[in-house]
Amino acid sequence: MANLISVQAHIDPTVSIGENVIIEEGVTIGAHSTVGNQVTIKAGTRLGANCTVSDFALLGKQPKLGKASTAGGGVLSPLTLGDGCSVGSHTVLMAGTTFGSECIVGDNAGVRERCVIGDNVIVGRSVTVENDTTIGSRTRIQSGAYVTAYVTVEEDVFIAPMVVMTNDNYMGRTEKRLKEMRGCMIRRGARVGGGVHILPGIEIGEDSFIATGSVVTRDVPAHMLVMGVPAKSVRPVAEEELLENQ
C-alpha cells in the first residue's frame with residue numbers, strides 16, 4: 001500500500017516519511033522530523049520540529065469508551081507533541097493530550113486523552129498513562145508502570161518499573177465510588193521504587209523515598225523514607241540525596 005497523505009496536512013519539506021504511512025487532514029509536522037513505516041497520524045495532530053515517530057505508532061486516536069466508563073467524553077483538542085519528542089514503535093497516543101518538548105515515549109506505551117505532559121519527560125516501554133493525568137517536567141516513568149486516571153505527578157519524580165497506582169476503593173461497585181474516585185498526588189522530587197502499589201487519594205510528599213515492593217496506604221511525609229506492607233516511616237531521606245543538593 002502506498003502512503004495516504006492528506007493534501008490538507010501541513011508537512012515541512014524537510015520531514016522524512018517511511019512507507020505505508022497514513023497522515024490525515026489538518027496534521028502539522030515540523031522541520032527535520034522523521035516518521036517511520038506503517039505509522040498512522042490522525043486528523044489535527046501537531047508535531048513540532050525534530051520529532052521522531054517509530055514504526056507502527058498511532059498518534060491522535062479518538063477514544064472509544066465503554067458504557068460504564070467514568071472517563072469524560074466530549075470533543076477533544078488535537079494531540080500535540082513539542083519539539084524534539086520521540087515516540088516508540090507500536091505506541092498509542094490519544095487525542096486531547098499535550099506533550100512538552102524533548103519527551104521520550106517508549107515502545108508499546110499508551111497515553112490516554114486529556115493528559116498534560118511537561119518537558120523532558122520519559123514514559124518508558126509498556127507504560128500506561130490513563131486519562132486526565134498531569135506529569136511534570138523531567139519526570140521519569142520506567143518500564144511497565146501503570147499510572148491510573150486522575151493522577152498528578154509533579155516535576156523531577158522517579159517512578160521505577162512496575163509501579164501500580166489506583167483510584168477506586170470500591171473497584172467499580174456502588175455509585176458512592178464516583179464521588180470518591182481520586183488518583184494519587186506525587187510531589188516534586190519523590191522517588192517510588194519498583195513494584196510499589198499506591199492506594200487511591202494518597203499524597204506522596206516532596207523528595208520522599210518509597211522502598212521497593214511497598215504498599216502505600218496512607219500519606220507519606222516530605223523527605224521521609226518509607227517501606228513495608230503497609231508502608232511505614234523508617235528515617236528521613238539523607239541530606240545528600242535531596243533534590244536541592246544535586
Side-chain angles (χ1 to χ4, degrees), residues 1-62 76-129 131 133-145 147 153-159 188 246:
M1 154 177 132
N3 290 341
L4 297 176
I5 300 175
S6 171
V7 295
Q8 297 177 354
H10 306 281
I11 303 172
D12 189 271
T14 61
V15 172
S16 173
I17 298 176
E19 298 180 352
N20 303 326
V21 172
I22 299 173
I23 300 176
E24 296 184 351
E25 66 274 9
V27 169
T28 300
I29 305 178
H32 305 292
S33 293
T34 300
V35 178
N37 302 315
Q38 305 284 349
V39 170
T40 298
I41 305 179
K42 304 297 285 185
T45 299
R46 302 166 184 165
L47 278 67
N50 299 298
C51 290
T52 300
V53 182
S54 297
D55 298 349
F56 296 98
L58 172 55
L59 306 186
K61 179 183 177 183
Q62 295 287 330
L76 297 172
S77 60
L79 170 69
T80 301
L81 280 73
D83 294 345
C85 286
S86 176
V87 178
S89 179
H90 294 87
T91 290
V92 179
L93 306 180
M94 294 284 201
T97 284
T98 300
F99 287 79
S101 63
E102 303 293 337
C103 294
I104 296 175
V105 185
D107 297 340
N108 300 301
V111 180
R112 287 277 302 274
E113 66 274 17
R114 292 185 302 276
C115 293
V116 178
I117 316 294
D119 299 328
N120 297 103
V121 170
I122 296 174
V123 177
R125 180 182 176 87
S126 299
V127 167
T128 296
V129 178
N131 54 281
T133 287
T134 300
I135 299 174
S137 295
R138 299 173 302 282
T139 284
R140 293 170 288 167
I141 305 175
Q142 302 297 305
S143 299
V147 181
V153 181
E154 292 187 340
E155 297 83 5
D156 301 294
V157 169
F158 179 84
I159 307 293
R188 176 178 177 270
Q246 301 306 303

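Sequential numbering from 1 along the given sequence is applied to the chain's residues. Only a predicted model underlies this, so the values are computations on that prediction, with no experimental measurement involved.
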Side-chain donor-acceptor pairs of residues 49-59 under 3.5 Å, sequence neighbours excluded:
residue: Ser54; atom: OG; partner: Val87; partner atom: O; Å: 3.2
residue: Asp55; atom: OD1; partner: Asn37; partner atom: N; Å: 2.8

Open item on the list: Can you confirm whether Gln62 is buried at CD, in the sense that more than 12 heavy atoms of other residues, nucleotides or ligands lie under 6.0 Å from that atom?
Closed with: yes

Open item on the list: Looking at every heavy atom in both Ala109 and Val105, which two are closest together, and how far apart are they?
Closed with: CB-CG1, 3.7 Å

Task: Listed partners of Asn108 passing side-chain hydrogen bond (donor to acceptor under 3.5 Å, both in side chains), at least two apart - done: none

- [ ] Please collect all ring pair (Phe, Tyr, Trp, His ring centres under 6.0 Å) contacts where either partner lies in residues 99-121, sequence neighbours excluded, each pair once.
- [x] none

- [ ] Kindly give the heavy-atom pair with the smallest separation between Leu76 and Glu113, and that separation in Å.
- [x] CD1-CB, 3.9 Å

Open item on the list: By the salt bridge (Lys or Arg N to Asp or Glu O under 4.0 Å) test, which pairs, at least two apart or in different chains, include something from residues 91-105?
Closed with: none

Task: Of all pairs that satisfy ring pair (Phe, Tyr, Trp, His ring centres under 6.0 Å), the ones with a partner from residues 7-26, not counting sequence neighbours - done: none

Task: Under the salt bridge (Lys or Arg N to Asp or Glu O under 4.0 Å) test, residues paired with Asp107 that sit two or more places apart - done: Arg125

- [ ] To the nearest 0.5 angstrom, please state how far the CD1 atom of Ile41 sits from the OG1 atom of Thr28.
- [x] 10.5 Å

- [ ] Using atom types as modelled and distance alone, determine if a side-chain donor or acceptor of Thr45 lies under 3.5 Å from a backbone N or O of Pro78.
- [x] no

Open item on the list: Rounded at 0.5 Å granularity, tell me how far SG in Cys85 sits from CG in Asn120.
Closed with: 9.0 Å

Task: Listed partners of Lys61 passing salt bridge (Lys or Arg N to Asp or Glu O under 4.0 Å), at least two apart - done: none

Task: salt bridge (Lys or Arg N to Asp or Glu O under 4.0 Å) contacts touching residues 78-100 (sequence neighbours left out) - done: none

Task: Spacing of Thr134 atom OG1 and Arg114 atom CZ [to the nearest 0.5 Å] - done: 11.5 Å

Task: Rounded distance (nearest 0.5 Å) linking atom CD1 of Ile29 with atom CD1 of Ile23 - done: 4.0 Å

Open item on the list: Going by the rule side-chain hydrogen bond (donor to acceptor under 3.5 Å, both in side chains), which residues pair with Arg46 if we only count those two or more places apart in sequence or in a different chain?
Closed with: none

Task: Straight-line distance of Thr97 OG1 to Asn131 CG, nearest 0.5 Å - done: 9.0 Å

Task: Distance, nearest 0.5 Å, that separates CZ of Arg188 from OG of Ser137 - done: 11.5 Å

- [ ] Could you tell me whether the side chain of Thr139 and the main chain of Val157 form a donor-acceptor pair under 3.5 Å?
- [x] yes

- [ ] Not counting sequence neighbours, which residues clear side-chain contact (heavy atoms from CB on, under 4.5 Å) with Thr14? List them please.
- [x] Asp12, Ala31, His32

TODO: Kindly give the heavy-atom pair with the smallest separation between Ile17 and Ile5, and that separation in Å.
DONE: CD1-CD1, 3.9 Å

Open item on the list: Restricting to salt bridge (Lys or Arg N to Asp or Glu O under 4.0 Å), what partner residues turn up for Glu154, sequence neighbours left out?
Closed with: Arg187

Task: Shortest non-hydrogen contact between Arg138 and Asp156, atoms and distance - done: NE-OD1, 2.8 Å

Open item on the list: Applying salt bridge (Lys or Arg N to Asp or Glu O under 4.0 Å), can you list everything that pairs with Glu24, at least two apart in sequence or on another chain?
Closed with: Lys42

